[in-house]
Amino acid sequence: MLSCEEQVYSNDYYDVIVSKQDEQELVSSEYCRQELDEDYVCVYFQAPSGVTLKMRDYSYSSIPKCFGLLDQVALESSGILRVRDQPNLSLTGQGVLMGFVDTDFDFTNPLFCHSDGTTRVERIWNQEERSGLPPQGFLYGTEYTREEINRELLKGDSESRIPHSDGHGTFLAALAAGSEDITNEFSGAAPECVIAFVQLKPAKQYLRDFYFIPDDAKVYQENDIMAGIYYLNLLAAKLRMPLSICVALGSNMGNRDGTNPISNTLSRVARRRQRCVVMAAGNEADKRHHFLGGISSQNAEERVEISVAEGVAGFTAELWALSPELYEVTIISPTGERFIAQPSTPVSYSEYRFLFEGTIVTVDYAFVGTTSRNELVFFRFQKPIAGIWILQVKARNFYEGRYHIWLPMEDMTSGEVIFLRSNPDTTITVPANTQAPITVAGYNSKDNSIYFESGRGFTTDNEIKPDIAAPAVDVYGPVGNGQFGTRTGTSVSAAIMAGAGGLLLEWTGVRRNDITATTINLKNYFIRGAVRDDNRNYPNREWGAYGNIVSS
């Protein structure tokens, strides 16, 4: 039997997310576990030899979802500089911990150092690196302290033993927390805050295989992200510092009402005092990955056409509805062959091999969540031939006739898979549908237009999301090798918002103007300063409830 650390990295062990209450019901007492927060743990079970992961063997929520990166001049447009420069405020993020759960972080960049060359980074937890000791209470990765980071900075880049690289995480950390660089006319939103960074390990191969995610896609597991959030919250509590967290990762997998494991973890942190949790709305509005269904009566049917390009190894699709709705789905191949996936029981499974195409389709019906009425029909298409695949959806138990279907994000398939009749609304990625945190849409600060890819609300239960918008188009920052350039995407707007949250935490917590403030309270502060266009009605699906993040 492998050690617990080896099980975390081994593709021969499944990562299974369970609540601590459900953990008590596990038959075997011989397993390794990693605490993910107050309510969830990840347990590691040896995978059956030669057997592909199947949803019916585990609950839907227990199988980690895979999350990708959400990116493809800003501080002045957002009003942050005006707030920082007000004589009565002079906020710079002093005494605030800025946390990131991301990838590719270059701690050697001068933007993360004081003027004397010492680091502003308090901790790095590199989940992939196995050469050192993990953080206390965690099974894997290597933790680097401020003292170790400073020693490495003295050695010089070529001799550093701490892995570091430019990329997505470096850019976002610089936007939110980078020091002022007068030569390159750059400053992060909160240039004097303390930084903590969780560098995620890549998702295991068995999950990539299950979701048909290409090998070159950068994707990360739900349980590792949850562990990173838990780590940052514990660190902030240990240091007795307010914490602003930037989560710029997203997925089309998972229910959209904020009751899945990662959403619950984010909600708990967001409701704590002196915490600001910020999430990107995603870039899915124009990707044609969402279908909004509407059936008018009992036994009525609706056709949903999915266009599949050549060379797609496989893809998944998720149909979500609310009980007591019940749908029967007939799958029609491009050659006209049919398979009826009948829900024989509330939780059922069926599999069919299309004779002429060689495509294997599995369909799982499941109830998801303990506090919601979510019903899921989970489709898995293996080796689909190119062409138009049809899902013929029939109401077996009619209530409202409303349902949603989502396809994977663009980078999570090996070719184009889209709906012919897509809907751009309800395209905020998971977990940004979670109510308590701040969900940030993106806009173009040059002309104050919405960024056309920015995920749109509302949530499936009609809660208002996104909350606010921040600059997301051609935002200036470090791109590697001492050079500066621009990036676009809602991950950028989330980083700017997290930096603004850090400034507000300095005012509420460090200066003790509102020591009981939670993310929800901070959101309300931002409402007061947001700019609204008189020609728009609020709330709306693009800009959210409150308009642009511009402090007056």
Side-chain angles (χ1 to χ4, degrees), residues 37-38 75 78-80 83-84 86 88-102 112 114 119-125 135 145-146 172-179 187-198 228-248 265-280 434 436-440 467-468 470 494-529 549 551:
D37 71 0
E38 294 90 336
L75 296 188
S78 66
I80 288 174
V83 172
R84 280 183 13 194
Q86 283 189 18
N88 292 333
L89 292 177
S90 298
L91 299 173
T92 58
Q94 280 192 348
V96 174
L97 184 67
M98 190 77 66
F100 302 88
V101 182
D102 213 282
F112 308 125
H114 295 289
T119 189
R120 292 173 46 225
V121 181
E122 180 65 31
R123 292 285 194 283
I124 299 173
W125 177 25
T145 65
R146 177 189 291 269
L172 300 190
L175 290 182
S179 301
S187 174
E192 295 187 22
C193 68
V194 177
I195 300 167
F197 201 99
V198 178
I229 296 164
Y230 186 44
Y231 168 81
L232 292 173
N233 189 54
L234 290 175
L235 178 62
K238 179 180 179 181
L239 298 173
R240 297 179 178 273
M241 298 177 72
L243 170 65
S244 182
I245 299 179
C246 177
V247 180
T265 294
L266 288 162
S267 289
R268 274 189 286 273
V269 175
R271 289 188 170 95
R272 292 182 179 274
R273 295 181 178 185
Q274 294 305 306
R275 298 291 184 266
C276 182
V277 180
V278 177
M279 299 182 297
T434 311
I438 301 172
T439 300
V440 190
D467 297 302
I468 204 163
I496 294 170
M497 187 74 218
L503 299 182
L504 193 51
L505 284 171
E506 181 184 357
W507 184 81
T508 60
V510 178
R511 302 188 186 182
R512 304 185 68 79
N513 288 297
D514 187 357
I515 60 172
T516 64
T518 67
T519 299
I520 298 171
N521 301 126
L522 300 181
K523 191 188 305 187
N524 290 332
Y525 279 118
F526 284 120
I527 294 172
R528 300 177 185 177
I549 168 180
S551 298

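The structure displayed is predicted, hence computed values, not measured ones.
The two residues Thr518 and Ala270 have their closest heavy-atom pair at CB-O, 3.5 Å. The two residues Leu172 and Ala248 have their closest heavy-atom pair at CD1-CB, 3.4 Å. Residues Ala190 and Gly93 come closest through the heavy atom pair CB-CA, 4.1 Å.
Distance check: Asp467 CG to Ile438 CD1 gives 7.0 Å after rounding to the nearest 0.5 Å. A distance of 8.0 Å separates CG in Leu505 from CE in Met98, rounded to the nearest 0.5 Å.
Judged by distance alone, with hydrogens and angles left aside, the side-chain atoms of Arg120 form a donor-acceptor pair with the main-chain N or O of Cys193 at under 3.5 Å. Remark: the backbone N or O of Trp507 is paired with a side-chain donor or acceptor of Asn513 at under 3.5 angstrom. Side chain of Thr519 to backbone of Pro437: no donor-acceptor contact under 3.5 angstrom is found.
By the 4.5 Å heavy-atom criterion applied to side chains, Val278 and Val440 are counted as neighbours. A 4.5 Å side-chain heavy-atom check between Leu522 and Thr508 finds at least one atom pair inside the cut-off. Considering only heavy atoms from C-beta on, Met497 comes within 4.5 Å of Ile468 through its side chain. Phe100 has its side chain within reach of Ile195: a pair of non-hydrogen atoms, C-beta onward, lies under 4.5 Å apart. Under the 4.5 Å side-chain criterion, counting only non-hydrogen atoms from C-beta, Arg123 is in contact with Thr145.
Arg146 meets the salt bridge (charged side-chain N to carboxylate O under 4.0 Å, His left out) test with Glu122; sequence neighbours excluded. Arg272 pairs by the salt bridge (charged side-chain N to carboxylate O under 4.0 Å, His left out) definition with Glu38, not counting sequence neighbours. Arg275 is linked by a salt bridge (charged side-chain N to carboxylate O under 4.0 Å, His left out) to nothing, counting only residues two or more places apart in sequence or in another chain.
A donor and an acceptor atom, one from each side chain of Glu506 and Gln94, are nowhere located under 3.5 Å apart.
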